[in-house]
Amino acid sequence: DPSSMPSSEPTSCPTVCFSLSQGSSSDVVVPVTASADSVSFYSRGNPLASSYNGAVQNVSETCVMFLYEDLSNCGSFSLFVVMDAPVDDGTGGEADLIFSGDFSNPEVADDPITNPVDMYSYSSTLDKTKVHWEWAGPYTDGLAQSVQLDNMGDSIDVKFDGLPVGIDYWKFVTGPDRTGTSSTDLNLAATLNITRVTCS
């Protein structure tokens, strides 16, 4: 009976927790999960051109981040960054983020690394990547990057290099709901540390 056969794809992955820390402020999040790879979940350009079209809601004038886990590849995580919302007030914006590690060749580059305006610059000496985005009002910018957070204590740091233009808020969305209905408000002027921790 085919109906009694186990599914080849899990409907959930073991719960994994990450701490978000900025100075004395902290919170715990879990990845957003869905049955799609990172490229498909970001859905750049479909239906809105040159923009994020994923299930987690992006917000006007806001940098939205979340960790993502594909249900067909449990234990592998990607960091999503989405700047602004398409077809909002038409203002566009400009932002620079610095990531610990190599983010110079992300799974999704919005816009692509061949774009003459957006830049993904990795320094092997510092082991940091500076990403520069500029976007027009009807679009978003951002990325999806595979991150190595396999073991307890593994971490990455993210910070804005100067205050962004057209971005007034920074939110980190928690899963596992694929639409990410809960989020943590972050400080645009402080470094964000993301660390894998034991779930309590």
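On a predicted model such as this, the values are computed, not experimentally measured, just so you know.
When every heavy atom of Asp70 is checked against every heavy atom of Ala36, the shortest pair comes out as CG-O, 3.0 Å. Between Leu143 and Pro106, the shortest heavy-atom distance links the atoms CB-CB, 4.2 Å. Here the shortest heavy-atom pairing between Asp161 and Lys130 reads OD2-NZ, 2.9 Å. Contact between Pro138 and Pro86 at its shortest, heavy atoms only, is O-CB, 3.4 Å. Closest approach of Asp96 to His132, counting heavy atoms only: OD1-ND1, 2.8 Å.
The disulfide bond (SG atoms under 2.5 Å apart) contacts involving residues 114-200 comprise Cys17-Cys199, where partners must be two or more places apart or lie in separate chains.
Follow the hydrophobic side-chain contacts under 4.5 Å out from Leu97 and you reach Phe18 in the same cluster. If you chain together hydrophobic residues whose side chains sit under 4.5 Å apart, Leu149 and Leu71 never meet in one group. Residue Phe77 is grouped with residue Phe172 when hydrophobic side chains (ILVMFWY) are merged at heavy-atom distances under 4.5 angstrom, including chains of intermediate members. Under a hydrophobic clustering in which Ile, Leu, Val, Met, Phe, Trp and Tyr are joined whenever their side-chain heavy atoms come within less than 4.5 Å, directly or via other members, Leu192 and Met83 fall into the same cluster. Tracing side-chain contacts under 4.5 Å through hydrophobic residues (I, L, V, M, F, W, Y), one reaches Trp135 starting from Leu163; they form part of the same cluster.
Side-chain contact of Asp127 with Tyr122: a donor-acceptor pair under 3.5 Å is present, judged by distance alone.
In this structure, the side chains of Ser60 and Asp84 come closer than 4.5 Å at one or more pairs of heavy atoms. Using a 4.5 Å heavy-atom threshold, the side chains of Leu188 and Pro164 count as touching. When side chains are defined from C-beta on, Phe99 does not count as touching Ile156, because their heavy atoms never get closer than 4.5 Å. Between Trp133 and Val81 there is a side-chain heavy-atom pair separated by less than 4.5 Å. Between Thr179 and Val56 there is no side-chain heavy-atom pair separated by less than 4.5 Å. Looking only at side-chain heavy atoms (C-beta outward), Gln148 and Asp154 stay at 4.5 Å or farther from each other. Residues Thr184 and Thr174 are not in side-chain contact: their nearest non-hydrogen atoms beyond the backbone lie 4.5 Å or more apart. For the pair Met65/Leu186, no side-chain contact is recorded, criterion being any heavy-atom separation below 4.5 Å from C-beta on.
Legend: residues meeting side-chain hydrogen bond (donor to acceptor under 3.5 Å, both in side chains) with Arg44, ordered by chain and number and at least two apart, are Asp110, Asp111.
Between Phe41 and Tyr68, the two ring planes are parallel [angle under 30°; tilted spans 30° to 60°]. The aromatic rings of Phe80 and Phe66 sit parallel to each other, their planes meeting at less than 30°, with 60° as the upper class boundary.
Put simply, the side chain of Ser100 gets close to the backbone of Asp157: a donor and an acceptor are under 3.5 Å apart. Ser40 places no side-chain N or O within 3.5 Å of a backbone atom of Ser38 that could act as its donor or acceptor partner. Judged by distance alone, with hydrogens and angles left aside, the side-chain atoms of Ser72 form no donor-acceptor pair with the main-chain N or O of Ser35 at under 3.5 Å. Side-chain atoms of Asn46 never come within 3.5 Å of backbone atoms of Ser43 as a donor-acceptor pair (strictly under, hydrogens ignored). A distance-only check finds a donor-acceptor pair linking the side chain of Asn53 to the backbone of Leu48 [under 3.5 Å].
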Checklist entry - Given the rule in the side-chain contact (heavy atoms from CB on, under 4.5 Å) test, do Ile194 and Leu79 qualify, once you have shown the distances and angles that lead to the verdict? => result CA-CA 10 Å; Ile194 306 167; Leu79 180 65; 4.2 Å; yes

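Annotation: the span from Asn193 atom CG to Ser19 atom OG amounts to 6.0 Å, rounded to 0.5 Å. Expressed to the nearest 0.5 Å, how far CD of Glu134 lies from CE of Met119 amounts to 7.5 Å. Here the straight-line distance linking atom OH of Tyr120 with atom OG of Ser104 works out to 10.5 Å at 0.5 Å rounding. Atoms CG and OG, on Asp37 and Ser146 in that order, are 12.0 Å from each other to the nearest 0.5 Å. Rounded to the nearest 0.5 angstrom, Lys171 NZ and Asp185 CG are separated by 3.5 Å.
Tested against Cys63 for a side chain to side chain contact (heavy atoms under 4.5 Å, CB included), the candidates Val82, Ile167, Asp168, Val158 yield a single pass: Ile167. Tyr52 pairs in a side chain to side chain contact (heavy atoms under 4.5 Å, CB included) with only one of the listed residues (Thr140, Val64, Asp141, Val108), which is Thr140. Residue Ser78 forms a side-chain hydrogen bond (donor to acceptor under 3.5 Å, both in side chains) with just one option from Glu69, Glu107, Gln145, and that option is Glu107.
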